[in-house]
Each structure stands twice: as structure tokens, then as C-alpha cells.
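Owing to the predicted nature of the structure, the values given are computational and were not obtained by experimental measurement.
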Amino acid sequence: MQGIFLEDDGIKPFITDEEYEGMCKRVEQAHDMLENKSGKGSDMLGWIDLPANRDEEEIEKIKKCAKRINKQADVFVVIGIGGSYLGAKAIIDLFDSTFSNLQTYSERKHPQIIFAGNNLSGKYLRNLVEYLEDKDFAINVISKSGSTLEPAVTFRTLKVVLEQKYGEVMAASRIYVTTDPEKGILHDLAIKNEYEMFKIPKDVGGRYSVLTAVGLLPMAVANINFEDVLDGAQFASFVFNNKDVSNNDCYKYAAYRNILRESGKDIELLASYEPSFQYFIEWYKQLFGESEGKDGKGIFPAGVNFTTDLHSMGQWIQDGKRNIFETVINVQVDRSLTYLPELEDNFDNLNYLAGKEIDYINKQAFKGTLKAHVDGKVPTMVINLEDLTEYNIGQLIYFFEKACAISGYLLGVNPFDQPGVEAYKKNMLGLLKSKE
């Protein structure tokens, strides 16, 4: 069942019928390029059919290893950067307790999960090593090439700590590698040392890899029902493959954002009124930023967490330069059932809200802000999520992946490469090697 729907009342005042009809024709052409694999980067389209063509043997292996990790480790360290960690962290944050890592194992019912290898901070790495000193831990290092510096530095460091703590043989049983299935530094190391190894399909890029072992193993360790996530994505792969834009909310979203881009709105703010969506927003930023930002083109992807950021960014959004548009993720059903208590002395004059769900108050903030921003000339569309479930989040992931690919083709760039990232890596490694 479709669990996400696009609401466009806050967009229609800013576009014309002619603009929409013209963009719909271009979206149909982009659809054909994906279907026929005739567009740029056509060798990296494995994510399109990934939910339906899932590797059942790999899934069973993930489940088995997750059970082993739950028995052997108090802490599970996921080492990766960009697409190698953002998707998994996004989904775990959505379904785990906000304070999961502060709970005991019996309260959490799974190891504490820490994401590392996403920076080059000596302070962070030292603090992590100190924290792990008296903990039983296992690590999952994720890198297609094995040569990306941030995770490589962290993996080398924690590998030494593991081997000093458990010895080489026992340490090997606590190292899980997710990498290229055929070659590379990590692949060869895993074969040599008999590490448990999971594969990143050759035709799936990092920022599209959350529905592979890259995201599924950490989800499984966190007791997330990842098969429901895959089922939701599989459903979305059919629903959002309708060439008729008027009956495809994913394509409609791609059409709207590109009409707005061509009218000078070149910054998109992805917003949510649920703090647990923070890392989903970070995942979106990488997906669109790395896919579209090429050849002097692209919509700049930014994120805000409401209502928090209404007290910092709110003034700029409401009254600043009008080169922005907004997309809001709205979860329609809240299951926390948290109510505002009534107080006899009513010291804060809030008794008029007593007995109301906190979510009701949050929703009024959302509605009031939506009206204010549209009135302030900020085009705003809403992605309504019926309920926060693994199945619906699977749909949402596929929604954004497909919209990103279509948007890249509308822009005229290759949505599946990242030459700018490679440029910084080349410069950084040149500087490091010159100091040897």
C-alpha cells in the first residue's frame, strides 16, 4: 500500500500550467533514459531493481551475522563515510530510541552502535579508542575501494586495538567487511584473514547503497526489520515507475523542483518536524548534492529541523533572499501518545492546551509555518508519510533515489559519478605523500 503522498498546494501559486506541461515532457524523456539505460552513468543503475532482485543468500547471511554480533559485542562500530554510513544511521535513528546509546544492553536489546570513519579528527578517534578500552566490540568496515582515507585511518587504528585486545585469530571473528565482491584492498584483506565479507554490487554507487549490505547489516544489528524496508522500496519501484507524471508523485516532485530551479530557486530546504529525521536529511543532502552538483549546475541541498531551526534560520527563510524552496516531510500519525498535563496553578498559562497531544501542538506549528512561508514567497511542497514504519521509509528512500536520478537527467549531468570528490582526494593525498 502506498504510504507517501505529495501535497503541492504550496507550489502551484509559483508555477504556470505551461511550465508544468513542458517539464512533464522532459521528465518522460528522463524516464525513458533510465528505462532504456541510454543516459549518462547507465552502468550504475543497479539500485533501480535492487529491492526486487534482492540476494536472498546475502540476506540470510546478514541475519546470521547480526545474531552473532549481538552475542559477541557490547558495541558495534560501523566504519564508513558518506553513503557508507548515512543511510544506515538515518534509518536506525528513526526507529531506535532517541537515547538508545545511553541505555543498557538489556534496555536496548542490541549492541550500542557507533558510527566512525567519517572524519579525520584525532580527538574523535582518541576518544573512541578510550571509550572502547573496557568494552567488548566488533567492527564493520565499509568501503568499495578500501582506499578512502577517513575509514581507512579508523579501520587501521581499531584493527590494532582489536588484535591487542583479543589476539589476531579472535579479532578476525569480530571484523566484518562490506566491499567490492571481486577486488580491492578490503576484499583482498578479508580473503587473506578470513573476515566475514559482504558485497557492494558493482553497479550500485555509495549514495544509492543503503538497501545493500552497506545499510542492511547495521540495521539488522539494531533489530530493525530491514526486510520491511526492502518490501516498501520494492513497492515504490513499481508505483514510482509510472511514466504519467500526473499519477506519479516522485516524478511530480522532480518536475516541480526543476521548474523552480529554472526560475532562480536554486536552494532546496528539506525540513522535518521530527528530530529523528536529522540524519535522513543528511542522507538526502549527500544523495542530491553529489548527484547534481556538477558542471556549474545543480540545486543546493540544505536541511532544517523544525521547530528548532525556526528559532535560528526562521527569519532568513521567512524574509531573506527569495532563491529558496522548501520540501517538508510530514509524518501524519504519531504513536508516542504524549499529552500535556494540566496544572492547578497554571503558572505558564498553558492549561488551554492541557490534555492535547504534543504532536497536535507540533502539527499546528507545521501548519502555521507552512502558511507563513508560502505567504513569504517560499514555494513549499509536503511529502506526507502516513505512518513512521519500516515499510513506508523504504518507499521514501526509493522515492528520493528515483527523483534524484530523474532530476540529474533533467539537469543534463551524470547523476552517478562524483568527479569533484575525486579532485579533493587527489590533492589531499598529494599533500600527504609530499611530507613522507
Side-chain angles (χ1 to χ4, degrees), residues 1-39 45 47-49 51-52 232-266 268-271 284 287-288 291-292 299 301 324-332 367 370-371 373-374 377-387 391-413 415:
M1 185 176 73
Q2 187 169 337
I4 62 175
F5 303 91
L6 186 71
E7 182 181 322
D8 57 8
D9 291 346
I11 289 287
K12 288 181 177 177
F14 302 94
I15 65 172
T16 66
D17 290 343
E18 291 76 18
E19 287 174 323
Y20 178 69
E21 289 168 8
M23 188 60 72
C24 284
K25 291 177 182 177
R26 292 168 58 189
V27 169
E28 290 174 0
Q29 292 170 354
H31 166 90
D32 289 340
M33 291 166 69
L34 281 177
E35 285 292 295
N36 302 330
K37 296 187 175 181
S38 60
L45 297 180
W47 58 272
I48 291 179
D49 299 316
Q234 182 175 345
F235 177 82
S237 71
F238 294 107
V239 171
F240 299 133
N241 199 42
N242 188 339
K243 190 173 177 178
D244 179 5
V245 179
S246 62
N247 289 308
N248 185 334
D249 281 352
C250 172
Y251 286 3
K252 196 179 293 183
Y253 165 68
Y256 284 148
R257 65 193 305 273
N258 281 280
I259 293 170
L260 294 169
R261 171 184 59 80
E262 292 183 356
S263 69
K265 309 283 188 184
D266 56 5
E268 179 177 17
L269 299 178
L270 185 65
Y284 142 86
L287 178 67
F288 280 86
S291 297
E292 290 191 315
I299 298 169
I324 62 172
F325 65 96
E326 194 175 335
T327 302
V328 182
I329 299 174
N330 173 48
V331 181
Q332 293 179 313
K367 291 175 183 177
L370 176 62
K371 184 178 186 310
H373 287 181
V374 173
K377 307 302 181 187
V378 179
T380 305
M381 49 189 149
V382 180
I383 299 172
N384 286 308
L385 200 67
E386 280 191 335
D387 197 357
Y391 188 82
N392 286 345
I393 287 298
Q395 291 186 44
L396 191 62
I397 287 168
Y398 198 90
F399 174 98
F400 277 115
E401 288 182 341
K402 191 73 178 289
C404 184
I406 293 291
S407 290
Y409 283 162
L410 291 174
L411 197 61
V413 301

Closest non-hydrogen atom pair, [X] against [Y]:
X	Y	answer
P415	S291	O-OG, 3.1 Å
G10	P13	C-CD, 4.0 Å
I324	P379	O-CD, 3.5 Å

_Greater than 12 external heavy atoms within 6.0 Å of K243's NZ_ = yes

Nearest 0.5 Å please: distance from the [atom1] atom of [X] over to the [atom2] atom of [Y].
X	Y	atom1	atom2	value
N330	Q332	CG	CD	6.0 Å
S237	E401	OG	CD	11.0 Å
I383	Q395	CD1	CD	12.0 Å
C250	H31	SG	NE2	11.0 Å
C24	E19	SG	CD	11.5 Å
E7	D249	CD	CG	11.0 Å

Centroid separation [X] to [Y] less than 6.0 Å:
X	Y	answer
Y253	F400	yes
Y251	F240	no
F14	F325	no

*Establish, from distance only, whether the side-chain atoms of Y284 and E268 form a donor-acceptor pair under 3.5 Å.*
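Yes - a donor-acceptor pair under 3.5 Å links their side chains.
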
*Can you tell me if K402 and N241 form a side-chain donor-acceptor pair at under 3.5 Å?*
yes

Any donor-acceptor pair under 3.5 Å linking the side chain of [X] with the backbone of [Y]?
X	Y	answer
N242	D244	yes
Y398	I48	yes
E262	I259	no
S38	N36	no

[Y] and [X], any side-chain heavy atoms less than 4.5 Å apart:
X	Y	answer
N392	D387	yes
L6	M381	yes
Q2	E386	no
I299	F288	no
V27	I406	yes

*Take Y391 and Q234 through the side-chain contact (heavy atoms from CB on, under 4.5 Å) test and state the conclusion after the steps.*
CA-CA 10 Å; Y391 188 82; Q234 182 175 345; over 6 Å; no

*Of the options V245, I11, T327, which is the one that meets Y256 in a side-chain contact (heavy atoms from CB on, under 4.5 Å)?*
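When side-chain contact (heavy atoms from CB on, under 4.5 Å) is applied between Y256 and each of V245, I11, T327, only I11 qualifies.
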
*side-chain contact (heavy atoms from CB on, under 4.5 Å) partner of I329, the single match among N384, L270, V382*: L270

*Between N258 and R26, is a side-chain contact (heavy atoms from CB on, under 4.5 Å) present by the stated rule, with each step listed?*
CA-CA 10 Å; N258 281 280; R26 292 168 58 189; 5.9 Å; no

*Salt bridge flag under 4.0 Å for residues R257 and E292*: yes

